[in-house]
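Inspection log for the structure reproduced underneath, given as structure tokens.
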Amino acid sequence: MASLGQIIFWSIISIIIILAGAIAFIIGFGISAFSMPEVNVDYNASSESLRCEAPRWFPQPTVIWASQVDQGANFSEFSNTSFELNSENVTMKVVSMLYNVTINNTYSCMIENDIAKATGDIKVTDSEIKRRSHIQLLHSKASVCASSFFVISWVLLPVSPYLMLK
């Protein structure tokens, strides 16, 4: 039979393991944000331009523009990206402009940080505009760390009563 001291000891150990997993989860996922980009034609610009906007990202991502017709081209000299801190002062709004675009081409706005990669595609022709967006979660060290702590805590939690009896 386990003594009261052993029961208290193993209960505290179990609580510490669960708290460590929760803290790792908060560190790994609680301070990150990502959102789907929306790409539109900017009719306010003096030339044909595209505007890529995503409402919430953290940590600060990188933005890369690509084209199906001009594969491998570097659009950094034709684009301008800004990051505006949102009202909660944690996440940021991403706004990227691509200038001098051509009709009958598909452009992609790729926003990426350590947590996620989101892509907004737009095809502009003389008669229509087609849009498509998708998001992909990336493997990060934080997610592996948080997952490890949760696995350890859920494995040791059911075992702790057996440990108390020894």
Side-chain angles (χ1 to χ4, degrees), residues 1-40 50-68 71-77 79-98 106-122 130-166:
M1 191 80 185
S3 70
L4 182 60
Q6 287 175 323
I7 293 172
I8 292 171
F9 173 78
W10 287 111
S11 296
I12 290 172
I13 294 297
S14 298
I15 290 169
I16 290 171
I17 290 170
I18 292 169
L19 287 175
I23 290 168
F25 182 79
I26 290 167
I27 289 171
F29 297 106
I31 55 172
S32 62
F34 47 89
S35 58
M36 198 74 75
E38 185 175 326
V39 185
N40 291 299
L50 299 177
R51 179 183 180 93
C52 177
E53 196 169 316
R56 284 190 161 62
W57 278 83
F58 186 84
Q60 183 171 318
T62 57
V63 178
I64 298 171
W65 285 92
S67 161
Q68 277 189 349
Q71 291 184 358
N74 181 1
F75 290 101
S76 60
E77 63 186 70
S79 63
N80 182 26
T81 301
S82 65
F83 304 96
E84 304 165 12
L85 200 58
N86 286 324
S87 59
E88 73 272 4
N89 290 327
V90 176
T91 63
M92 58 192 72
K93 177 180 177 181
V94 179
V95 178
S96 186
M97 299 292 296
L98 179 64
T106 299
Y107 291 93
S108 298
C109 171
M110 293 169 283
I111 304 173
E112 181 176 356
N113 64 16
D114 292 339
I115 310 299
K117 177 181 182 179
T119 304
D121 299 323
I122 187 168
K130 291 183 181 179
R131 293 178 189 84
R132 183 182 69 176
S133 295
H134 61 277
I135 198 157
Q136 172 187 3
L137 294 178
L138 305 175
H139 295 286
S140 70
K141 292 177 185 175
S143 65
V144 171
C145 178
S147 299
S148 299
F149 275 115
F150 276 119
V151 167
I152 290 169
S153 65
W154 286 111
V155 166
L156 288 181
L157 191 59
V159 174
S160 60
Y162 296 110
L163 296 173
M164 285 185 244
L165 297 175
K166 300 253 175 190

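Since we're looking at a predicted model, the values are computed, not measured.
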Residues Val63 and Cys109: closest non-hydrogen pair is CG1-SG, 4.0 Å
Measure the spacing between CE of Met36 and CD of Glu53 and express it to the nearest 0.5 Å. 15.0 Å
Taking all non-hydrogen atoms of both residues into account, name the closest pair between Ala118 and Trp57 and its distance. CB-CZ2, 3.7 Å
Which atoms form the tightest heavy-atom contact between Pro37 and Ala54, and what is the distance? CA-CB, 4.1 Å
Value for OG (Ser87) from NZ (Lys93), rounded to nearest 0.5 Å, stands at 11.5 Å
Output for pair (Thr62 OG1, Glu112 CD), nearest 0.5 Å, gives 5.5 Å
Decide if atom CZ of Arg132 counts as having more than 12 heavy atoms of other residues, nucleotides or ligands within a radius under 6.0 Å. no
Kindly compute the distance separating OG (Ser76) from CD1 (Ile64), expressed to the nearest 0.5 Å. 9.5 Å
Non-hydrogen side-chain atoms of Thr119 and Gln136 separated by less than 4.5 Å: no
Shortest non-hydrogen contact from Pro59 toward Asn113: O-ND2, 3.1 Å
From Glu84, Arg56, Gln60, residue fulfilling side-chain contact (heavy atoms from CB on, under 4.5 Å) relative to Met92: Gln60
On a heavy-atom basis, the closest approach of Phe75 and Ser67 is CZ-CB, 3.4 Å
Nearest 0.5 Å please: distance from the CG atom of Asn74 over to the OG atom of Ser79. 8.0 Å
Minimum side-chain heavy-atom gap Val94-Pro61 below 4.5 Å: yes
Start with the C-alpha gap between Trp65 and Val39, add the side-chain angles, then the distance that decides, and say whether side-chain contact (heavy atoms from CB on, under 4.5 Å) holds. CA-CA 11 Å; Trp65 285 92; Val39 185; 4.2 Å; yes
Can you confirm whether the side chains of Thr106 and Asp121 place a donor and an acceptor under 3.5 Å from each other? no
Is there a side-chain contact (heavy atoms from CB on, under 4.5 Å) between Phe34 and Ile111? Walk through the geometry before answering. CA-CA 9 Å; Phe34 47 89; Ile111 304 173; over 6 Å; no
As an exercise, state the distance from OG1 of Thr91 to CG of Leu85, rounded to the nearest 0.5 Å. 7.5 Å
Shortest non-hydrogen contact from Ala66 toward Met110: CB-CE, 3.6 Å
